[in-house]
Amino acid sequence: MGFWAKSLLIFNAFCHNAKQSIRHVAQQTGLSKSSVHRLKQAMECRDTHPESWWWETEAGRCWLIRLVVATLYPFGLKRGVGAETISEFFGRLHLETQVGCSPSALRGMMEELERVILETAAAWEGEGVARGKTRPIIGAVDETFLERMMVVFMDLVSGYLVGEEVADDRTYETWYTLVEARLEALGVRVLSLVSDRAKALVKLAETGLDCLSIPEVFHLIHDLVQSYALAIGRRLHQARRDLDHAQEHLRQCLVSSPSDPTLQQAQAGGEACVAEVTRWESVRLAYRRHLERVSLLVHPWRLVDSTRQNAQDVERQLHAEINALEAFVETHGLPIKSPTLDKVRKQLAGVAALLDLWWQGVEHDVAQVILTPRWRSWVEEGLLPLAYWHLHVSHTRCPSRKAQLLEALKAVQDTCDKHPMTQQLAPDVLEGWKMWAAEQGKAFQRASSAVEGRNGSLSQMHHNHRGLPKRRSKVWTVLHNFDCRAADGTTPASRFFRRGFPDLFDTVLSHIEDLPRPRERKQTMARSH
(Lines give C-alpha, C1' and ligand atoms only; values in the text may rest on other atoms or scores of the structure.)
Protein backbone atom coordinates (compact mmCIF):
# COMPACT_ATOMS: atom_id res chain seq x y z
CA MET A 1 0.00 0.00 0.00
CA GLY A 2 1.39 3.39 -1.01
CA PHE A 3 1.89 6.51 1.06
CA TRP A 4 -1.21 8.31 -0.19
CA ALA A 5 -3.43 5.24 0.20
CA LYS A 6 -2.36 4.89 3.84
CA SER A 7 -2.97 8.60 4.40
CA LEU A 8 -6.50 8.26 3.00
CA LEU A 9 -7.27 5.36 5.37
CA ILE A 10 -6.12 7.36 8.39
CA PHE A 11 -7.93 10.52 7.24
CA ASN A 12 -11.22 8.62 6.86
CA ALA A 13 -10.74 6.95 10.26
CA PHE A 14 -10.26 10.26 12.05
CA CYS A 15 -13.15 11.82 10.10
CA HIS A 16 -15.50 9.22 11.60
CA ASN A 17 -14.16 9.80 15.11
CA ALA A 18 -11.66 12.59 15.59
CA LYS A 19 -11.07 11.75 19.31
CA GLN A 20 -10.11 8.10 18.93
CA SER A 21 -6.60 7.04 19.90
CA ILE A 22 -3.64 6.19 17.68
CA ARG A 23 -3.86 2.59 18.92
CA HIS A 24 -7.52 2.31 17.94
CA VAL A 25 -6.90 3.73 14.46
CA ALA A 26 -3.97 1.34 13.99
CA GLN A 27 -6.19 -1.61 14.87
CA GLN A 28 -8.93 -0.32 12.59
CA THR A 29 -6.68 0.22 9.56
CA GLY A 30 -4.23 -2.65 10.09
CA LEU A 31 -1.24 -0.30 10.21
CA SER A 32 1.38 -0.01 12.89
CA LYS A 33 1.02 2.64 15.60
CA SER A 34 4.22 4.34 14.47
CA SER A 35 2.92 4.57 10.91
CA VAL A 36 -0.39 6.02 12.06
CA HIS A 37 1.39 8.53 14.29
CA ARG A 38 3.83 9.57 11.55
CA LEU A 39 1.15 9.90 8.88
CA LYS A 40 -1.15 11.84 11.22
CA GLN A 41 1.64 14.33 11.89
CA ALA A 42 2.26 14.64 8.15
CA MET A 43 -1.42 15.44 7.57
CA GLU A 44 -1.31 18.10 10.27
CA CYS A 45 1.74 19.64 8.60
CA ARG A 46 -0.09 19.68 5.24
CA ASP A 47 -3.10 21.42 6.77
CA THR A 48 -1.72 24.92 6.23
CA HIS A 49 -4.52 26.51 4.15
CA PRO A 50 -8.34 26.55 4.42
CA GLU A 51 -8.71 24.23 1.42
CA SER A 52 -5.97 21.79 2.45
CA TRP A 53 -8.33 19.33 4.08
CA TRP A 54 -10.06 18.59 0.76
CA TRP A 55 -6.88 17.25 -0.82
CA GLU A 56 -6.86 14.52 1.86
CA THR A 57 -10.21 13.13 0.68
CA GLU A 58 -10.48 10.50 -2.03
CA ALA A 59 -12.23 12.89 -4.43
CA GLY A 60 -9.72 15.63 -3.69
CA ARG A 61 -6.76 13.34 -4.26
CA CYS A 62 -8.19 12.13 -7.61
CA TRP A 63 -8.81 15.70 -8.71
CA LEU A 64 -5.29 16.70 -7.62
CA ILE A 65 -3.79 13.94 -9.78
CA ARG A 66 -5.89 15.17 -12.71
CA LEU A 67 -4.79 18.76 -12.07
CA VAL A 68 -1.09 17.88 -12.04
CA VAL A 69 -1.27 15.62 -15.13
CA ALA A 70 -3.52 18.09 -17.00
CA THR A 71 -0.92 20.80 -16.37
CA LEU A 72 2.14 18.78 -17.37
CA TYR A 73 0.48 17.16 -20.41
CA PRO A 74 -0.35 20.24 -22.55
CA PHE A 75 1.99 22.82 -21.09
CA GLY A 76 5.05 20.73 -20.28
CA LEU A 77 5.00 18.13 -23.06
CA LYS A 78 3.23 20.05 -25.83
CA ARG A 79 4.04 23.71 -25.29
CA GLY A 80 7.47 23.47 -23.70
CA VAL A 81 6.70 25.43 -20.53
CA GLY A 82 9.66 24.92 -18.19
CA ALA A 83 9.49 22.89 -14.99
CA GLU A 84 10.51 25.97 -12.98
CA THR A 85 7.49 27.92 -14.27
CA ILE A 86 5.09 25.04 -13.60
CA SER A 87 6.62 24.67 -10.12
CA GLU A 88 5.87 28.33 -9.44
CA PHE A 89 2.32 27.85 -10.72
CA PHE A 90 1.69 24.96 -8.33
CA GLY A 91 3.22 26.97 -5.49
CA ARG A 92 0.77 29.80 -6.09
CA LEU A 93 -2.04 27.23 -5.83
CA HIS A 94 -0.75 26.25 -2.33
CA LEU A 95 0.11 22.74 -3.51
CA GLU A 96 3.73 22.63 -2.31
CA THR A 97 2.65 20.77 0.86
CA GLN A 98 0.37 18.35 -1.03
CA VAL A 99 2.58 17.15 -3.88
CA GLY A 100 6.20 17.31 -4.94
CA CYS A 101 6.35 20.59 -6.87
CA SER A 102 10.10 21.03 -7.26
CA PRO A 103 11.41 21.27 -10.84
CA SER A 104 13.25 17.95 -10.45
CA ALA A 105 10.10 16.20 -9.20
CA LEU A 106 8.06 17.61 -12.09
CA ARG A 107 10.68 16.52 -14.62
CA GLY A 108 10.51 13.02 -13.17
CA MET A 109 6.73 13.14 -13.51
CA MET A 110 7.00 14.19 -17.15
CA GLU A 111 9.38 11.31 -17.83
CA GLU A 112 6.77 8.97 -16.38
CA LEU A 113 4.11 10.50 -18.62
CA GLU A 114 6.40 10.05 -21.63
CA ARG A 115 6.87 6.38 -20.82
CA VAL A 116 3.11 5.78 -20.47
CA ILE A 117 2.35 7.70 -23.68
CA LEU A 118 4.85 5.71 -25.74
CA GLU A 119 3.71 2.36 -24.33
CA THR A 120 0.06 3.23 -24.92
CA ALA A 121 0.70 4.30 -28.52
CA ALA A 122 2.69 1.13 -29.26
CA ALA A 123 -0.18 -1.00 -27.95
CA TRP A 124 -2.83 0.90 -29.90
CA GLU A 125 -0.80 0.79 -33.10
CA GLY A 126 -0.43 -2.97 -32.67
CA GLU A 127 -4.21 -3.29 -32.29
CA GLY A 128 -4.76 -1.20 -35.40
CA VAL A 129 -2.35 -3.33 -37.45
CA ALA A 130 -3.99 -6.53 -36.20
CA ARG A 131 -7.36 -5.43 -37.57
CA GLY A 132 -5.81 -4.92 -41.03
CA LYS A 133 -8.15 -2.20 -42.27
CA THR A 134 -5.52 0.26 -43.48
CA ARG A 135 -5.42 1.36 -47.12
CA PRO A 136 -2.30 1.97 -49.23
CA ILE A 137 -0.43 5.09 -48.20
CA ILE A 138 -0.40 8.23 -50.29
CA GLY A 139 2.67 9.65 -48.67
CA ALA A 140 4.78 12.76 -48.47
CA VAL A 141 8.40 12.97 -47.31
CA ASP A 142 10.61 15.86 -46.29
CA GLU A 143 13.37 16.85 -43.88
CA THR A 144 13.48 19.54 -41.24
CA PHE A 145 16.61 20.86 -39.59
CA LEU A 146 16.47 21.44 -35.84
CA GLU A 147 19.15 20.72 -33.25
CA ARG A 148 19.51 17.54 -35.27
CA MET A 149 17.97 16.76 -38.64
CA MET A 150 14.62 15.00 -38.60
CA VAL A 151 13.04 13.11 -41.49
CA VAL A 152 9.25 13.14 -41.73
CA PHE A 153 7.06 10.61 -43.57
CA MET A 154 3.31 11.27 -43.49
CA ASP A 155 0.21 9.68 -44.96
CA LEU A 156 -1.48 12.67 -46.61
CA VAL A 157 -5.00 11.24 -46.62
CA SER A 158 -5.24 10.64 -42.88
CA GLY A 159 -2.47 12.93 -41.63
CA TYR A 160 -0.87 10.00 -39.79
CA LEU A 161 2.86 10.36 -39.16
CA VAL A 162 4.17 7.02 -40.39
CA GLY A 163 7.74 7.94 -39.45
CA GLU A 164 9.39 10.87 -37.75
CA GLU A 165 12.97 10.15 -36.78
CA VAL A 166 16.22 11.90 -36.00
CA ALA A 167 18.75 11.08 -38.74
CA ASP A 168 22.41 11.79 -39.42
CA ASP A 169 21.94 12.35 -43.16
CA ARG A 170 19.25 12.39 -45.83
CA THR A 171 20.66 9.89 -48.30
CA TYR A 172 18.58 7.29 -50.07
CA GLU A 173 19.93 4.54 -47.83
CA THR A 174 18.88 6.38 -44.67
CA TRP A 175 15.43 7.10 -46.03
CA TYR A 176 14.87 3.58 -47.30
CA THR A 177 15.97 1.96 -44.03
CA LEU A 178 13.60 4.08 -41.95
CA VAL A 179 10.62 3.91 -44.30
CA GLU A 180 10.89 0.21 -45.05
CA ALA A 181 10.99 -0.67 -41.34
CA ARG A 182 7.84 1.32 -40.66
CA LEU A 183 5.96 -0.05 -43.66
CA GLU A 184 6.80 -3.60 -42.60
CA ALA A 185 5.62 -2.91 -39.05
CA LEU A 186 2.33 -1.44 -40.28
CA GLY A 187 1.83 -4.01 -43.02
CA VAL A 188 1.02 -1.45 -45.72
CA ARG A 189 2.42 -0.35 -49.05
CA VAL A 190 2.86 3.07 -50.63
CA LEU A 191 0.73 3.98 -53.64
CA SER A 192 2.42 7.29 -54.46
CA LEU A 193 4.93 9.63 -52.86
CA VAL A 194 4.70 13.42 -53.11
CA SER A 195 7.97 15.29 -52.61
CA ASP A 196 10.20 18.03 -53.84
CA ARG A 197 12.55 16.78 -56.55
CA ALA A 198 15.40 15.76 -54.23
CA LYS A 199 17.20 12.86 -55.93
CA ALA A 200 17.14 10.68 -52.81
CA LEU A 201 13.35 11.08 -52.49
CA VAL A 202 12.70 10.38 -56.16
CA LYS A 203 14.85 7.26 -55.91
CA LEU A 204 13.06 6.24 -52.72
CA ALA A 205 9.73 6.26 -54.57
CA GLU A 206 10.74 4.79 -57.91
CA THR A 207 13.39 2.28 -56.77
CA GLY A 208 12.88 1.58 -53.09
CA LEU A 209 9.08 1.59 -52.86
CA ASP A 210 8.26 0.93 -56.54
CA CYS A 211 5.56 3.60 -56.62
CA LEU A 212 4.82 6.79 -58.49
CA SER A 213 6.87 9.85 -57.53
CA ILE A 214 4.66 12.95 -57.73
CA PRO A 215 6.30 16.40 -58.07
CA GLU A 216 5.04 18.80 -55.43
CA VAL A 217 2.74 21.43 -56.99
CA PHE A 218 3.51 23.95 -54.26
CA HIS A 219 7.26 23.81 -54.97
CA LEU A 220 6.61 23.96 -58.71
CA ILE A 221 4.64 27.20 -58.36
CA HIS A 222 7.14 28.48 -55.81
CA ASP A 223 9.91 28.14 -58.40
CA LEU A 224 7.93 30.35 -60.77
CA VAL A 225 7.29 32.87 -57.99
CA GLN A 226 10.97 33.07 -57.10
CA SER A 227 11.86 33.70 -60.73
CA TYR A 228 9.59 36.62 -61.60
CA ALA A 229 7.68 37.91 -58.55
CA LEU A 230 10.67 39.85 -57.23
CA ALA A 231 11.44 41.42 -60.62
CA ILE A 232 7.82 42.55 -61.08
CA GLY A 233 7.64 43.76 -57.50
CA ARG A 234 10.83 45.81 -57.93
CA ARG A 235 9.50 47.58 -60.99
CA LEU A 236 6.17 48.27 -59.31
CA HIS A 237 7.94 49.62 -56.24
CA GLN A 238 10.11 51.86 -58.41
CA ALA A 239 7.08 53.12 -60.33
CA ARG A 240 5.27 53.97 -57.08
CA ARG A 241 8.33 55.75 -55.75
CA ASP A 242 8.63 57.79 -58.97
CA LEU A 243 4.96 58.66 -58.65
CA ASP A 244 5.47 59.91 -55.10
CA HIS A 245 8.38 62.10 -56.27
CA ALA A 246 6.35 63.42 -59.21
CA GLN A 247 3.39 64.29 -56.97
CA GLU A 248 5.66 66.06 -54.51
CA HIS A 249 7.27 68.03 -57.36
CA LEU A 250 3.80 68.96 -58.65
CA ARG A 251 2.75 70.24 -55.22
CA GLN A 252 5.87 72.40 -55.01
CA CYS A 253 5.20 73.87 -58.46
CA LEU A 254 1.61 74.68 -57.51
CA VAL A 255 2.79 76.54 -54.42
CA SER A 256 5.76 78.37 -55.86
CA SER A 257 4.73 79.28 -59.41
CA PRO A 258 1.20 78.34 -60.48
CA SER A 259 1.59 80.07 -63.83
CA ASP A 260 5.07 78.77 -64.63
CA PRO A 261 5.43 76.52 -67.76
CA THR A 262 7.20 73.93 -65.61
CA LEU A 263 3.82 73.21 -64.02
CA GLN A 264 2.60 71.63 -67.24
CA GLN A 265 5.73 69.51 -67.39
CA ALA A 266 5.19 68.41 -63.79
CA GLN A 267 1.57 67.49 -64.55
CA ALA A 268 2.63 65.51 -67.62
CA GLY A 269 5.31 63.74 -65.61
CA GLY A 270 2.77 62.87 -62.91
CA GLU A 271 0.35 61.44 -65.48
CA ALA A 272 3.15 59.34 -66.97
CA CYS A 273 4.03 58.00 -63.54
CA VAL A 274 0.39 57.12 -62.85
CA ALA A 275 0.25 55.24 -66.15
CA GLU A 276 3.45 53.36 -65.26
CA VAL A 277 2.09 52.34 -61.86
CA THR A 278 -1.16 51.20 -63.45
CA ARG A 279 0.78 49.22 -66.03
CA TRP A 280 2.89 47.32 -63.51
CA GLU A 281 -0.08 46.67 -61.26
CA SER A 282 -1.87 45.08 -64.21
CA VAL A 283 1.30 43.10 -65.03
CA ARG A 284 1.44 41.77 -61.47
CA LEU A 285 -2.25 40.87 -61.54
CA ALA A 286 -1.90 39.07 -64.88
CA TYR A 287 1.17 37.24 -63.60
CA ARG A 288 -0.72 36.04 -60.53
CA ARG A 289 -3.56 34.84 -62.75
CA HIS A 290 -1.08 32.72 -64.72
CA LEU A 291 0.08 31.11 -61.47
CA GLU A 292 -3.53 30.64 -60.40
CA ARG A 293 -4.39 28.87 -63.64
CA VAL A 294 -1.44 26.50 -63.21
CA SER A 295 -2.86 25.51 -59.83
CA LEU A 296 -6.47 25.20 -61.02
CA LEU A 297 -5.54 22.98 -63.97
CA VAL A 298 -4.35 20.08 -61.78
CA HIS A 299 -7.72 18.54 -60.91
CA PRO A 300 -9.52 15.38 -62.11
CA TRP A 301 -12.20 17.59 -63.74
CA ARG A 302 -12.08 20.80 -65.71
CA LEU A 303 -13.04 23.74 -63.56
CA VAL A 304 -15.27 25.30 -66.24
CA ASP A 305 -17.70 22.44 -66.87
CA SER A 306 -16.53 19.61 -64.53
CA THR A 307 -15.74 17.28 -67.41
CA ARG A 308 -13.30 14.47 -66.76
CA GLN A 309 -9.59 15.05 -67.46
CA ASN A 310 -6.73 12.62 -67.95
CA ALA A 311 -2.97 13.04 -67.66
CA GLN A 312 -2.47 13.94 -71.33
CA ASP A 313 -5.11 16.69 -71.18
CA VAL A 314 -3.62 18.29 -68.08
CA GLU A 315 -0.03 18.02 -69.27
CA ARG A 316 -0.91 19.70 -72.55
CA GLN A 317 -2.72 22.54 -70.75
CA LEU A 318 0.14 23.00 -68.29
CA HIS A 319 2.69 23.28 -71.08
CA ALA A 320 0.47 25.82 -72.84
CA GLU A 321 0.18 27.87 -69.65
CA ILE A 322 3.94 27.85 -69.03
CA ASN A 323 4.52 28.91 -72.65
CA ALA A 324 1.98 31.71 -72.22
CA LEU A 325 3.74 32.81 -69.05
CA GLU A 326 7.09 32.85 -70.84
CA ALA A 327 5.64 34.95 -73.69
CA PHE A 328 4.01 37.29 -71.18
CA VAL A 329 7.29 37.82 -69.36
CA GLU A 330 9.13 38.47 -72.61
CA THR A 331 6.49 40.95 -73.79
CA HIS A 332 7.01 43.14 -70.72
CA GLY A 333 10.79 43.16 -70.92
CA LEU A 334 11.46 40.99 -67.88
CA PRO A 335 14.48 38.66 -67.82
CA ILE A 336 13.56 35.14 -68.93
CA LYS A 337 14.73 32.48 -66.45
CA SER A 338 15.25 29.62 -68.89
CA PRO A 339 16.75 27.15 -66.32
CA THR A 340 13.75 27.61 -64.03
CA LEU A 341 11.24 27.21 -66.83
CA ASP A 342 13.03 24.11 -68.09
CA LYS A 343 13.01 22.67 -64.55
CA VAL A 344 9.27 23.32 -64.27
CA ARG A 345 8.53 21.79 -67.67
CA LYS A 346 10.35 18.57 -66.69
CA GLN A 347 7.97 18.16 -63.74
CA LEU A 348 4.71 18.67 -65.64
CA ALA A 349 4.44 15.07 -66.83
CA GLY A 350 4.90 13.79 -63.28
CA VAL A 351 2.28 16.18 -61.93
CA ALA A 352 -0.20 15.16 -64.62
CA ALA A 353 0.46 11.44 -64.04
CA LEU A 354 -1.34 11.80 -60.70
CA LEU A 355 -4.67 12.06 -62.53
CA ASP A 356 -4.38 8.69 -64.26
CA LEU A 357 -3.25 7.08 -61.00
CA TRP A 358 -6.23 8.55 -59.16
CA TRP A 359 -8.73 7.51 -61.82
CA GLN A 360 -7.30 3.97 -61.73
CA GLY A 361 -8.01 3.83 -58.00
CA VAL A 362 -11.56 5.08 -58.52
CA GLU A 363 -12.24 2.57 -61.28
CA HIS A 364 -10.80 -0.23 -59.16
CA ASP A 365 -13.25 0.58 -56.37
CA VAL A 366 -16.18 0.99 -58.76
CA ALA A 367 -15.35 -2.37 -60.37
CA GLN A 368 -16.10 -4.08 -57.05
CA VAL A 369 -19.78 -3.24 -57.61
CA ILE A 370 -21.66 -4.08 -60.78
CA LEU A 371 -23.02 -0.78 -62.09
CA THR A 372 -25.06 0.00 -65.16
CA PRO A 373 -23.79 2.73 -67.51
CA ARG A 374 -26.40 5.06 -66.02
CA TRP A 375 -25.14 4.42 -62.49
CA ARG A 376 -21.53 4.87 -63.58
CA SER A 377 -22.38 8.16 -65.28
CA TRP A 378 -24.03 9.42 -62.08
CA VAL A 379 -20.98 8.45 -60.02
CA GLU A 380 -18.36 9.98 -62.33
CA GLU A 381 -20.24 13.09 -63.47
CA GLY A 382 -22.23 13.98 -60.38
CA LEU A 383 -21.32 12.32 -57.10
CA LEU A 384 -17.52 12.33 -57.33
CA PRO A 385 -17.05 15.91 -58.59
CA LEU A 386 -19.57 17.13 -56.02
CA ALA A 387 -17.62 15.59 -53.13
CA TYR A 388 -14.29 16.64 -54.63
CA TRP A 389 -15.17 20.33 -55.18
CA HIS A 390 -16.80 20.51 -51.76
CA LEU A 391 -13.60 19.23 -50.14
CA HIS A 392 -11.34 21.65 -52.00
CA VAL A 393 -13.59 24.66 -51.39
CA SER A 394 -13.21 24.08 -47.65
CA HIS A 395 -9.41 23.81 -47.96
CA THR A 396 -8.83 26.80 -50.26
CA ARG A 397 -7.97 30.14 -48.67
CA CYS A 398 -7.28 32.33 -51.73
CA PRO A 399 -10.49 34.36 -52.32
CA SER A 400 -10.14 34.28 -56.11
CA ARG A 401 -9.59 30.53 -56.37
CA LYS A 402 -12.26 29.87 -53.75
CA ALA A 403 -14.81 31.85 -55.78
CA GLN A 404 -14.07 29.80 -58.92
CA LEU A 405 -14.29 26.53 -57.01
CA LEU A 406 -17.61 27.62 -55.50
CA GLU A 407 -19.02 28.26 -58.97
CA ALA A 408 -17.99 24.76 -60.06
CA LEU A 409 -19.45 23.30 -56.86
CA LYS A 410 -22.82 25.05 -57.33
CA ALA A 411 -23.08 23.87 -60.94
CA VAL A 412 -22.34 20.25 -59.99
CA GLN A 413 -24.67 20.49 -56.98
CA ASP A 414 -27.58 21.48 -59.20
CA THR A 415 -26.82 18.72 -61.69
CA CYS A 416 -26.46 16.07 -59.00
CA ASP A 417 -29.62 17.09 -57.12
CA LYS A 418 -31.72 16.92 -60.30
CA HIS A 419 -30.29 13.56 -61.41
CA PRO A 420 -32.88 10.74 -61.28
CA MET A 421 -30.48 8.44 -59.41
CA THR A 422 -30.07 10.93 -56.58
CA GLN A 423 -33.82 11.18 -56.16
CA GLN A 424 -34.40 7.41 -56.28
CA LEU A 425 -31.83 6.37 -53.64
CA ALA A 426 -32.81 5.87 -50.03
CA PRO A 427 -31.23 8.43 -47.66
CA ASP A 428 -28.98 5.91 -45.92
CA VAL A 429 -27.77 4.46 -49.23
CA LEU A 430 -27.10 7.95 -50.62
CA GLU A 431 -25.17 8.86 -47.49
CA GLY A 432 -23.02 5.76 -47.93
CA TRP A 433 -22.20 6.75 -51.50
CA LYS A 434 -21.33 10.29 -50.37
CA MET A 435 -18.93 8.95 -47.74
CA TRP A 436 -17.23 6.80 -50.37
CA ALA A 437 -16.94 9.77 -52.74
CA ALA A 438 -15.46 11.91 -49.96
CA GLU A 439 -12.79 9.27 -49.32
CA GLN A 440 -11.94 9.19 -53.00
CA GLY A 441 -11.64 12.97 -53.06
CA LYS A 442 -9.18 12.91 -50.16
CA ALA A 443 -7.03 10.43 -52.07
CA PHE A 444 -6.14 13.06 -54.68
CA GLN A 445 -3.04 14.56 -53.06
CA ARG A 446 -0.87 16.83 -55.20
CA ALA A 447 0.99 18.82 -52.51
CA SER A 448 2.93 18.05 -49.35
CA SER A 449 1.73 21.14 -47.50
CA ALA A 450 0.73 18.96 -44.53
CA VAL A 451 4.35 17.88 -44.11
CA GLU A 452 5.54 21.47 -44.48
CA GLY A 453 3.10 22.42 -41.75
CA ARG A 454 4.42 19.62 -39.56
CA ASN A 455 7.97 20.88 -40.11
CA GLY A 456 6.90 24.33 -38.96
CA SER A 457 5.19 22.85 -35.92
CA LEU A 458 8.32 20.87 -35.03
CA SER A 459 10.43 23.99 -35.36
CA GLN A 460 8.12 25.91 -33.03
CA MET A 461 8.05 23.13 -30.43
CA HIS A 462 11.83 22.76 -30.64
CA HIS A 463 12.17 26.49 -30.00
CA ASN A 464 9.73 26.40 -27.08
CA HIS A 465 11.50 23.45 -25.47
CA ARG A 466 14.90 25.12 -25.94
CA GLY A 467 16.31 21.95 -27.44
CA LEU A 468 15.27 18.36 -27.98
CA PRO A 469 14.85 16.43 -24.69
CA LYS A 470 15.42 12.69 -24.70
CA ARG A 471 12.43 10.75 -26.14
CA ARG A 472 10.49 13.98 -26.54
CA SER A 473 10.40 13.85 -30.35
CA LYS A 474 8.75 10.41 -30.23
CA VAL A 475 6.21 11.77 -27.76
CA TRP A 476 5.44 14.63 -30.15
CA THR A 477 4.76 12.09 -32.89
CA VAL A 478 2.35 10.16 -30.67
CA LEU A 479 0.55 13.33 -29.57
CA HIS A 480 0.06 14.29 -33.24
CA ASN A 481 -1.22 10.85 -34.24
CA PHE A 482 -3.49 10.08 -31.28
CA ASP A 483 -4.35 13.45 -29.71
CA CYS A 484 -4.64 15.93 -32.60
CA ARG A 485 -8.35 16.14 -33.39
CA ALA A 486 -10.05 17.45 -36.52
CA ALA A 487 -13.34 19.35 -36.53
CA ASP A 488 -15.25 16.05 -36.73
CA GLY A 489 -13.46 14.72 -33.64
CA THR A 490 -11.30 12.18 -35.46
CA THR A 491 -7.55 11.81 -35.00
CA PRO A 492 -4.96 10.88 -37.66
CA ALA A 493 -4.69 7.44 -36.06
CA SER A 494 -8.45 6.80 -36.17
CA ARG A 495 -8.54 7.82 -39.84
CA PHE A 496 -5.48 5.75 -40.73
CA PHE A 497 -6.51 2.55 -38.93
CA ARG A 498 -10.23 3.09 -39.58
CA ARG A 499 -11.18 2.52 -35.95
CA GLY A 500 -11.72 4.58 -32.84
CA PHE A 501 -9.25 4.89 -30.00
CA PRO A 502 -9.86 5.96 -26.39
CA ASP A 503 -8.92 9.48 -25.37
CA LEU A 504 -5.14 9.54 -24.94
CA PHE A 505 -5.14 11.93 -21.99
CA ASP A 506 -7.72 9.95 -20.02
CA THR A 507 -5.83 6.73 -20.75
CA VAL A 508 -2.55 8.21 -19.55
CA LEU A 509 -4.27 9.65 -16.48
CA SER A 510 -5.65 6.24 -15.54
CA HIS A 511 -2.08 4.90 -15.30
CA ILE A 512 -0.97 7.57 -12.81
CA GLU A 513 -1.86 6.31 -9.35
CA ASP A 514 0.45 8.36 -7.14
CA LEU A 515 2.07 11.77 -7.24
CA PRO A 516 5.56 12.59 -5.98
CA ARG A 517 5.62 13.31 -2.26
CA PRO A 518 6.15 16.92 -1.14
CA ARG A 519 9.58 17.98 -0.03
CA GLU A 520 10.16 17.93 3.75
CA ARG A 521 11.13 21.50 4.48
CA LYS A 522 13.07 22.49 7.57
CA GLN A 523 10.17 24.25 9.26
CA THR A 524 7.90 21.29 8.57
CA MET A 525 10.38 18.85 10.06
CA ALA A 526 10.86 21.06 13.15
CA ARG A 527 7.10 21.25 13.67
CA SER A 528 6.78 17.45 13.44
CA HIS A 529 9.19 17.04 16.35
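The model shown is predicted, which means the values in this text are computed figures rather than measured ones.
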Query - Side-chain donor-acceptor contact under 3.5 Å, Thr422 with Trp378 - result: yes
Query raised in the report: Does His390 NE2 have over 12 foreign heavy atoms under 6.0 Å away?
Result: no
Query raised in the report: More than 12 heavy atoms of other residues, nucleotides or ligands under 6.0 Å from NZ of Lys402: is that the case?
Result: yes
Report summary line: What one should report as the nearest heavy-atom pair of Glu248 and Arg251 is OE1-NH2, 2.6 Å
Query - Given Leu161, Leu458, Leu77, Asn481, the one that forms side-chain contact (heavy atoms from CB on, under 4.5 Å) with Trp476 - result: Leu458
**Report entry** Residue from Arg234, Arg241, Arg235 passing side chain to side chain donor-acceptor pair (under 3.5 Å) with Gln238
**Finding:** Arg241
Report task. Could you list all the side chain to side chain donor-acceptor pair (under 3.5 Å) pairs where at least one residue sits in residues 176-189, not counting sequence neighbours? Result -> Glu125-Arg182
Report task. Scan side-chain atoms only and decide if Ser473 and Glu164 contain a donor-acceptor pair under the 3.5 Å cut-off. Result -> no
Report task. Identify the heavy atoms of Gly500 and Ser494 that sit nearest to each other, and give their distance. Result -> CA-CB, 4.5 Å
**Report entry** Derivation and outcome, ring-ring contact (aromatic ring centres under 6.0 Å, His included), residues His299 and Trp389
**Finding:** CA-CA 10 Å; His299 290 295; Trp389 294 131; 5.3 Å; yes
Query raised in the report: Knowing that exactly one of Leu325, Asp223, Leu318 qualifies, which makes a side-chain contact (heavy atoms from CB on, under 4.5 Å) with Val344?
Result: Asp223
Query raised in the report: Picking from Thr490, Asp488, Asp155, what satisfies side chain to side chain donor-acceptor pair (under 3.5 Å) with Arg495?
Result: Thr490
Query - Other residues, nucleotides, ligands: >12 heavy atoms within 6.0 Å of Lys78 NZ - result: yes
Report summary line: Ser195 and Val141 have their tightest heavy-atom pair at CB-CG2, 3.9 Å
Report task. Among Trp124, Phe496, Phe497, find the residue that satisfies the ring-ring contact (aromatic ring centres under 6.0 Å, His included) test when tested with Phe482. Result -> Trp124
Query raised in the report: For Arg79, does the CZ atom sit with more than 12 other heavy atoms under 6.0 Å from it, leaving out its own atoms?
Result: no
Query raised in the report: Are a donor atom and an acceptor atom from the side chains of Glu276 and Trp280 found within less than 3.5 Å of each other?
Result: yes
Query - Mutual orientation of the aromatic rings belonging to Tyr73 and Phe505 [parallel < 30°, tilted 30-60°, perpendicular > 60°] - result: perpendicular
Query raised in the report: Within 45 degrees of the axis of the six-membered ring of Trp359 and under 6.0 Å from its centre: does Arg308 put its NZ or CZ there?
Result: yes
Query raised in the report: How many angstroms lie between SG in Cys416 and CG in Leu409, if you round to the nearest 0.5 Å?
Result: 10.5 Å
Query raised in the report: Taking atom CZ of Phe218 as the centre, does the number of heavy atoms from other residues, nucleotides or ligands within less than 6.0 Å exceed 12?
Result: no
Report summary line: In short, side chain to side chain donor-acceptor pair (under 3.5 Å) pairs touching residues 200-215 with sequence neighbours left out are Arg197-Ser213
Report summary line: Here the gap from Leu383 atom CG to Tyr388 atom OH, rounded to the nearest 0.5 Å, amounts to 15.0 Å
Query raised in the report: Side chains of Ile214 and Ser192: does their closest heavy-atom pair fall under 4.5 Å?
Result: yes
Report task. Just jot down the side chain to side chain donor-acceptor pair (under 3.5 Å) partners of Tyr287, sequence neighbours excluded, or say none. Result -> none
**Report entry** Side-chain H-bond candidate by donor/acceptor type, Gln317 with Asp313, under 3.5 Å
**Finding:** no
Requested in this report: Establish, from distance only, whether the side-chain atoms of Ser295 and Arg446 form a donor-acceptor pair under 3.5 Å.
Outcome: yes
Query raised in the report: How far does CG of Asp483 sit from CG of Leu504, to the nearest 0.5 angstrom?
Result: 5.0 Å
